[in-house]
Asks: 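Below: one structure in structure tokens.
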Amino acid sequence: MVRAHLPYIPYHLDEENDEIDTRLKKLYALIHEFGDENTKQFVEQLPYFH
């Protein structure tokens, strides 16, 4: 909770967020692989997919 209130650490410079971003990318890749066409189109428009 304390880290959420520290304005001097931007999200993109915080190394702990890199692991979370990597996990999200893997999850979206799995959803894209096993989803239907509508799901694939949705995942392809997300910034993590590119």
Side-chain angles (χ1 to χ4, degrees):
M1 182 178 112
V2 175
R3 294 196 51 176
H5 299 288
L6 299 177
Y8 57 87
I9 302 176
Y11 181 87
H12 64 284
L13 296 178
D14 189 1
E15 292 181 9
E16 292 182 13
N17 292 330
D18 292 341
E19 183 179 345
I20 295 170
D21 291 344
T22 302
R23 288 181 184 182
L24 277 175
K25 289 176 185 179
K26 289 179 180 180
L27 284 171
Y28 284 130
L30 284 172
I31 292 170
H32 183 268
E33 183 178 345
F34 295 110
D36 61 5
E37 287 303 315
N38 290 333
T39 305
K40 289 180 181 184
Q41 289 176 358
F42 173 75
V43 172
E44 288 172 3
Q45 71 182 358
L46 296 174
Y48 286 116
F49 193 73
H50 298 286

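Note that the numbering runs from 1 along the sequence shown for the chain.
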Asks: Working to the nearest 0.5 Å, report the span between OG1 of Thr39 and CD of Gln41.
Replies: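 Interatomic distance, Thr39 OG1 to Gln41 CD, rounded to 0.5 Å: 9.5 Å.
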
Asks: Between Glu19 and Arg23, does a salt bridge (charged side-chain N to carboxylate O under 4.0 Å, His left out) hold up when you go through it step by step?
Replies: CA-CA 6 Å; Glu19 183 179 345; Arg23 288 181 184 182; 2.5 Å; yes

Asks: State, to 0.1 Å, how close Val43 and Tyr28 come at their nearest heavy-atom pair, and which atoms those are.
Replies: CG1-O, 3.6 Å

Asks: Check the hydrophobic clustering (I, L, V, M, F, W, Y; side-chain heavy atoms under 4.5 Å; chains of links allowed) and say if Leu27 and Leu46 are grouped together.
Replies: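 Cluster IDs for Leu27 and Leu46 differ.
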
